[in-house]
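I have placed the structure first, in the form of structure tokens, so that the comments after it can refer back to it.
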Amino acid sequence: MKVLTEKYEQHNFYEEDEFLQKILKKYMTSDMFSYADKNLREFGQRAAGPIDERAVHTDREGRPRLERYDKYGEEVSRVWVNEGYKQTVKETYETGIVGYVHKNIPELSEKGTYTYSFAQGYLLSQAEPGFYCPVTLTMATAYLLDHFGDEKLKETYLPHVLATGDTELYEGATFLTERQGGSDVGANVVKAVSVGEDYYLYGEKYFASNAGMCGVAMVLARMEDAKEGSRGLSLFLVPWEGDNIRIRRLKDKLGVRAVPSAEVEFTGAKAYLVGEADRGFYYMMEALNLSRICNAVASLGIMRRSYTEALLYAKGRNAFGRRLADFPMIQQTLSELGMKLEKETAAVFEMVQLYEKVTNGTASFEEEALNRLLIAIMKKETAEKSIEFAHEAIEMHGGNGYIEDFVTPRLLRDAQVLTVWEGTANILALELLRLINKYEAHKLFVEMLREKSTAGMERRIEKMEERLLRFADFEETEKELEAKELMKDMAILYEDVIYEQL
């Protein structure tokens, strides 16, 4: 048996991805692209080499561990991570993957963009999608603090959340989920007790990722005498310090083992109110849109790595006297994967351009609604496709693809969570219904498609418009039953329209 045996340290995830370079050149100014191109070449090599090697170690032997007690028997709730993981933390944040979205890049004297940050996340996720979760949470924390925190909070904490090696890093976290609620955030019961002008949190968050590693956490809690449901929730910044935050246990997850996910108990933790008291749920939903884009980017990363692994193996493996890559069926599979990958990459980065407008305050009300719609359909489609791509990579490798010595099992395990994180398909379908019922977002979607398409796509757009208009008139039960299939078809049409522009 002959197989390709090259190691990934001989590769560069960025230099080998001409399509990504084409996309970035389209959406960046010449100065920004020159800076990004130079730095992504360096980060692409690092992601394909040492970061990838550390990811294997973390997944297999070096998973985070909970240290409940110190040598004196005192409870400390400390999370241990391996030294390679710490090095990946240092190398990744110092690229500005979070910081340069909110502060100037020294070489350019201007802020970076989400487009650049997501390109970094795409490369990182090809090696370690589990670590892109803490990066995502830190991005969400930075967004919430920068947009809704008061000046004192920003002055105290934001420089650390945005650290690029210039000061101590505080990674972030967003704690929403409670055991009685899950996706039903309005059922949350963690309470905020006021003592004078100060607040202290009591209660448990059931699925808290980056627990023990974060410097600050953004936490939804309910003040005393607040309304029931989501409108009664407030957002608090909680420094991870003191004896009043306890980790009950770390979750034993199927994949993304790099990120410690825990059950966290607050027993009087000091907390600082962020923004208006009755707007906490709204603030967190704004951050959720950012996290959903990160989820889509991580999905693209897994898709790209899966495709690359399948292609390399097919070129290097001989069977029945021929290379696998010479068999028509294999060529068809690889061609379909490559085309789908390019279309979804193009669609996600096009979507990001609208998100840039929303976050910098230049988007119209209609564009904000369309932004939420596109995020929902593309988060769902990319997450589901990442599983399919990982499956195809395993099948291309045959028995080897099922063996943990290869990266393919980890790709599949890591991909599976992306359909769950930041909203399952059912939750995203309910988002579609809300956007159509309240904002007529389906009409905005069709209008956008017509603006971006050529005459050759007109008939497909007409059919989609007819279908969406019928859908909008359905009873709610009918809408719920058809919504997920509709979202898939909307995503495919959007991808085709955007890809046609290139």
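Worth knowing before you read on, the calculation uses all heavy atoms, side chains too, and leaves out hydrogens, waters and symmetry mates.
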Checklist line | Glu61 CD: over 12 foreign heavy atoms closer than 6.0 Å | finding: yes
Notebook entry, point to check: When you look at OH of Tyr402, are more than 12 heavy atoms from neighbouring residues, nucleotides or ligands closer to it than 6.0 Å?
Noted result: no
Please check this pair: side chain of [X] against backbone of [Y], looking for a donor-acceptor N/O pair closer than 3.5 Å.
{"X": "Asp414", "Y": "Pro129", "value": "no"}
{"X": "Asn437", "Y": "Leu433", "value": "yes"}
{"X": "Asn295", "Y": "Leu418", "value": "yes"}
{"X": "Asn210", "Y": "Gly172", "value": "yes"}
{"X": "Lys253", "Y": "Val259", "value": "yes"}
{"X": "Gln331", "Y": "Ala325", "value": "yes"}

Will you find, in the side chains of [X] and [Y], an N or O donor that is under 3.5 Å from an N or O acceptor?
{"X": "Tyr499", "Y": "Glu342", "value": "yes"}
{"X": "Glu286", "Y": "His147", "value": "no"}
{"X": "Asn39", "Y": "Thr95", "value": "no"}
{"X": "Lys103", "Y": "Thr164", "value": "yes"}
{"X": "Glu91", "Y": "Gln87", "value": "yes"}
{"X": "Glu309", "Y": "Thr408", "value": "no"}
{"X": "Thr424", "Y": "Asn426", "value": "no"}

Note to self: Quick one, Glu462 and Val446 - any side-chain contact, counting heavy atoms below 4.5 Å?
What the structure shows: no
Item checked: Non-hydrogen side-chain atoms of Tyr157 and Thr141 separated by less than 4.5 Å -> no
Next item on the list: List in chain and number order the residues that pass side-chain hydrogen bond (donor to acceptor under 3.5 Å, both in side chains) with Lys111, two or more places apart in sequence or in another chain; answer none if no residue qualifies.
Entry: none
Note to self: Do Arg46 and Phe43 form a cation-pi contact, if we require the NZ or CZ to be under 6.0 Å from the six-membered ring centre and within 45 degrees of the ring's axis?
What the structure shows: no
Margin query: Against the six-membered ring of Phe148, is Arg279 placed for a cation-pi contact (under 6.0 Å from the centre, within 45° of the normal)?
Written below: no
Next item on the list: Not counting sequence neighbours, which residues clear side-chain contact (heavy atoms from CB on, under 4.5 Å) with Ile105? List them please.
Entry: Met32, Tyr35, Tyr100, Glu107, Leu108
If you take the centroid of each ring, where Trp contributes its six-membered ring, are [Y] and [X] closer together than 6.0 Å?
{"X": "Phe365", "Y": "Tyr439", "value": "yes"}
{"X": "Phe349", "Y": "Phe118", "value": "no"}
{"X": "Phe131", "Y": "Tyr85", "value": "yes"}

Note to self: Under the criterion side-chain hydrogen bond (donor to acceptor under 3.5 Å, both in side chains), I'd like the reasoning laid out for Glu356 against Thr115: C-alpha separation, chi angles, the key distance, then a yes or no.
What the structure shows: CA-CA 8 Å; Glu356 300 266 22; Thr115 301; 3.0 Å; yes
